[in-house]
Amino acid sequence: MKKTELDIRREKMEALREEGIEPYPSGYVVENTISEILALTEEAPDSLTDEGPVFGVAGRLMAINKFGKSAFVRFKDRTGQMQAYIRKDQVDEQAFKVFKTLHVGDFVGLKGTIFKTKTGEWTLAARELTLLCKSLRPLPEKYNKLKDPEKRYRQRYLDLIMNEETRETFIRRSKIVRALRSFFDQRDFLEVETPMMQPIPGGAEACPFVTHHNALDMALYLRIAPELYLKRLVVGGLERVYEINRNFRNEGVSTRHNPEFTMLEFYWAYATYHDLMDLTEEMFQHVAKEVLGATTFMYQGQEISFEGPWKRISMFNALQTIGGADKEVLEDRDKLIAFAESKNVPIDKKARTGKIITKLFDALVEPELVQPTFIHSYPVEVSPLSRRSQKEPDLTERFELFIAGKEIANGFSELNDPDDQRGRFLQQVADKEAGDEEAHWMDEDYVEALEYGMPPTAGQGVGIDRLAMLLTDAASIREVILFPHMRHAASLKTGDEAPNKKEG
RNA sequence: GGGCCGUUAACUCAGUCGGAAGAGUAUCUGCCUUUUAAGCAGAGAGUCGCUGGUUCGAGCCCAGCACGGCCCA
């Protein structure tokens with residue numbers, strides 16, 4: 001049998017155990033963080049002497065320069081990275097046994113004073129060295145790091161260990177969510193949690209995942225949106241609510257889509273979609289300031305500014321000024337279809353006019369919207385939950401927000417007329433029967449809630465992954481999701497059928 | 001779903017015209033008590049993604065499949 005690196009390290013680990021050194025001890029009292037010590041070297045270097053003070057830190061070894069009876073090791077904790085110097089005549093016999101078997105990747109506890117090396121680096125002079133966890137597998141190479149995207153996503157822990165940018169991305173994502181919570185908390189919104197498993201999936205046009213409840217013997221759907229439940233809460237008198245949580249949509253994966261993704265949705269009684277647009281500008285500026293310390297930043301080589309006021313254009317207007325469609329084209333269905341064909345925009349000729357207009361918008365206008373832009377007044381056919389415009393009943397009091405060519409948010413004055421809502425659902429059911437798999441289901445229970453009365457309300461959804469992409473300059477959604485969805489690893493498939501695999 | 005590209009040692013990558021599988025890092029052995037991708041001497045390490053085909057001979061050419069990346073739908 002050939003010895004792998006795993007075998008060799010395991011042997012060394014077992015040899016330590018025979019020497020009475022536990023390679024996987026329980027706990028460790030960590031007295032200091034690396035950033036704390038490095039801050040002291042900046043602020044009070046004169047206080048650091050060979051006599052003291054003594055610091056105690058713990059971390060993972062990232063590099064070892066060994067000289068036989070001494071070594072420089074680089075190690076890191078959650079706060080940073082620093083160097084330690086270990087020499088035989090400064091530590092006890094047990095520690096020297098550990099020292100001789102150290103590998104990059106091991107966790108150690110170190111106690112000692114701080115000194116400056118000949119080359120000027122502040123370094124911990126170890127008086128105690130404790131093995132805290134033996135690493136059996138080699139880490140990726142120190143200079144080239146881990147690059148293979150597949151490995152980075154499947155084994156995100158390696159990516160986090162090796163690539164500081166990855167770590168920073170996810171720390172920043174966490175700050176974004178925290179900033180959003182503080183924004184809504186400050187405005188007296190209540191954070192709530194609504195069902196992720198729903199008997200009728202609603203609130204968006206999307207194909208759901210299905211599952212089955214055994215004890216109740218009923219189908220349940222992973223939610224595609226929390227919308228209809230949040231509005232029931234507004235009916236219930238919770239006038240300002242928000243939820244930040246996962247939605248699930250059974251569609252393809254791409255650099256912009258993951259089957260599960262995070263949405264912020266909030267509902268605000270007595271407000272309109274105009275209020276939402278104002279609030280959204282404030283919200284995004286607040287988040288950018290909290291997270292980046294600025295409202296202007298670079299995204300994929302383009303400068304994006306959150307400074308207001310943002311452009312607000314109606315969809316029809318945008319199609320004319322940006323999409324290059326004449327007014328008469330938008331008013332005549334046949335001309336519209338001809339226009340779509342002339343622009344090579346694939347459309348379903350049987351679809352209702354509002355759907356075709358939206359397709360044209362997606363293809364011709366959306367990619368052009370780099371700076372934050374609200375597009376408002378969506379056709380009623382594609383907005384089954386939005387209030388109708390009083391002036392033009394074929395349009396709705398709805399907008400979407402686009403930044404860097406991506407849809408980031410979707411908001412509207414909510415439809416609270418129960419009879420209109422029932423009619424819209426019936427139209428959706430007809431669309432579904434006509435083959436539109438993403439059309440809404442009838443939700444009588446929701447209509448009943450509206451019959452009790454929902455105050456005039458405005459509500460909005462914000463794609464948190466896409467916002468995180470913007471603020472971390474990520475080109476792919478996989479860079480801002482810790483464990484993005486992947487197919488079965490090729491190695492897992494051989495000789496082992498997936499449980500629900502379709503016969504092909 | 002379609003197009004293009006990729007898959008070679010633990011990691012990052014070479015591999016020419018089809019003719020004996022390579023480098024650096026990591027690992028192992030020896031030396032080495034202030035290094036900065038430490039150094040010196042030596043060693044081990046491969047299902048070249050998988051299956052089949054063409055060929056005297058395939059990492060390389062062809063086909064199918066798997067996984068991944070980018071673009072399009």
Side-chain angles (χ1 to χ4, degrees), chain A residues 1-13 15 50 61-75 81-91 95-96 99-106 112-126 129 134-155 157-159 161-163 251-257 300 340 343-348 359-360 362-363 366-367 405 474-479 484-498 501 504:
Chain A
M1 271 289 279
K2 286 163 289 188
K3 270 190 201 169
T4 62
E5 183 147 357
L6 194 64
D7 298 327
I8 292 162
R9 289 198 184 195
R10 193 166 263 134
E11 279 170 16
K12 297 211 170 191
M13 180 269 285
D50 292 348
L61 294 182
M62 298 305 292
I64 302 174
N65 286 350
K66 207 178 264 196
F67 300 89
K69 294 185 186 64
S70 76
F72 284 95
V73 300
R74 197 159 290 282
F75 66 106
Q81 191 166 140
M82 76 177 292
Q83 179 171 262
Y85 183 55
I86 303 162
R87 46 190 282 177
K88 190 179 182 182
D89 58 12
Q90 291 287 319
V91 296
F96 192 67
F99 164 85
K100 280 193 292 190
T101 66
L102 284 181
H103 283 110
V104 169
D106 291 347
T113 54
I114 306 297
F115 74 106
K116 204 173 194 175
T117 63
K118 285 204 292 213
T119 51
E121 179 165 355
W122 289 101
T123 300
L124 185 136
L129 166 68
K134 186 71 200 164
S135 166
L136 297 181
R137 290 181 187 269
L139 289 176
E141 197 215 341
K142 61 187 171 189
Y143 189 61
N144 283 304
K145 311 281 179 79
L146 179 66
K147 287 184 179 168
D148 179 2
E150 181 171 2
K151 233 183 169 67
R152 288 182 49 233
Y153 301 148
R154 288 190 198 274
Q155 291 177 275
Y157 49 92
L158 291 178
D159 189 25
I161 293 167
M162 300 311 297
N163 297 316
E251 52 200 30
V253 297
S254 75
T255 50
R256 294 176 182 207
H257 299 88
Q300 302 292 296
K343 293 282 182 184
N344 285 321
V345 179
I347 47 151
D348 176 2
K359 279 268 180 225
L360 274 169
D362 290 348
E366 183 173 327
S476 167
I477 197 170
R478 296 181 196 104
E479 296 296 338
H485 179 74
M486 304 286 269
R487 289 173 197 269
H488 286 294
S491 61
L492 295 177
K493 250 189 169 173
T494 45
D496 183 27
E497 290 296 303
K501 195 181 161 193

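We name chains A, B, ... by the order of the sequence lines, and we start the count at 1 in each one.
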Please, what dot-bracket string fits RNA chain B when only Watson-Crick and G-U pairs with both distances under 3.5 Å count, crossing ones use [ ] and pairs to another strand use |? (((((((..((((.....[..)))).(((((.......))))).....(((((..]....)))))))))))).

What residues, two or more places apart in sequence or in another chain, satisfy side chain to side chain donor-acceptor pair (under 3.5 Å) together with A/R87? A/D89

d(CZ, A/R256; C1', B/A73) in whole Å: 13 Å

Determine the contact category for A/M162: base if any of its heavy atoms lies under 4.0 Å from a base atom, sugar-phosphate if only primed atoms, P, OP1 or OP2 are that close, otherwise nothing. nothing

Can you name the side-chain contact (heavy atoms from CB on, under 4.5 Å) partners of A/A95, sequence neighbours left out? A/V91, A/D92, A/L129

From CZ of A/R154 across to P of B/G69 the rounded distance in Å is 8 Å

With no hydrogens and no angle check, do the side chains of A/Y157 and A/Q155 hold a donor and an acceptor under 3.5 Å apart? yes

For A/T255, give me all partners under side-chain contact (heavy atoms from CB on, under 4.5 Å), at least two apart in sequence or on another chain. A/S476, A/R478

Does A/F67 have any ring-ring contact (aromatic ring centres under 6.0 Å, His included) partners at least two apart in sequence or in another chain, and if so, which? none

P spacing across the pair B/C61 / B/U7, given as an integer number of angstrom: 11 Å

In whole Å, what separates the C1' atom of B/G69 from that of B/U33? 48 Å

Under a 4.0 Å heavy-atom criterion, the protein footprint on nucleotides 27-35 of chain B, written with B, S and -, is SSS--BBBB

Give me the distance, rounded to whole Å, that separates B/C17 from B/G64 when you measure between the C1' atoms they each carry. 27 Å

Taking atom NZ as the centre, does A/K66 end up with more than 12 heavy-atom neighbours from other residues, nucleotides or ligands that are less than 6.0 angstrom away? yes

Is A/T255 near enough to B/G69 that one of its side-chain N or O atoms lies under 4.0 angstrom from OP1 or OP2? no

Taking atom C1' in both B/G46 and B/A20, compute the distance separating them and give it to the nearest angstrom. 15 Å

Quote, to the nearest angstrom, the P distance that separates B/G22 from B/C72. 43 Å

Please state the P separation for the pair B/G18 and B/C13 - nearest whole angstrom. 25 Å

List for me each residue that meets ring-ring contact (aromatic ring centres under 6.0 Å, His included) alongside A/Y153, sequence neighbours excluded, and say none if there are none. none

With sequence neighbours excluded, residues passing side-chain contact (heavy atoms from CB on, under 4.5 Å) with A/K147: A/N144

Can you tell me how far P of B/A73 sits from CG of A/D348, to the nearest Å? 17 Å

So CE of A/M82 and CZ of A/F75: to nearest 0.5 Å the spacing works out to 5.5 Å

Base of B/G24 paired with side chain of A/E141 (donor-acceptor, under 3.5 Å): yes

note: A/D7, atom CG; B/G44, atom P; distance rounded to Å ~ 18 Å

Point-to-point distance, once rounded to the nearest 0.5 Å, from CD of A/E251 to NE2 of A/H257: 5.5 Å

How is A/R478 classified with respect to the nucleic acid when contacts are heavy atoms under 4.0 Å: base, sugar-phosphate, or nothing? sugar-phosphate

Report the distance from atom CG of A/D159 to atom P of B/G69, rounded to the nearest whole Å. 13 Å

When rounded to the nearest Å, what value does the distance between C1' atoms of B/U27 and B/G44 take? 9 Å

Gap between atoms NE2 and P, on A/H257 and B/A73 respectively (whole Å): 12 Å

On RNA chain B, check which nucleotide each of A/K147 and A/K142 is closest to and give me the residue with the more 5' one. A/K147

d(CD, A/E150; C1', B/U7) in whole Å: 9 Å

With respect to the phosphate group of B/A66, does any side-chain polar atom (N or O) of A/R487 fall under 4.0 Å of OP1 or OP2? no

What residues, two or more places apart in sequence or in another chain, satisfy side-chain contact (heavy atoms from CB on, under 4.5 Å) together with A/K100? A/F96

In whole Å, what is the span from the NZ atom of A/K359 to the P atom of B/C72? 15 Å

Provide the distance between the two P atoms, one in B/G2 and one in B/U8, to the nearest whole Å. 25 Å

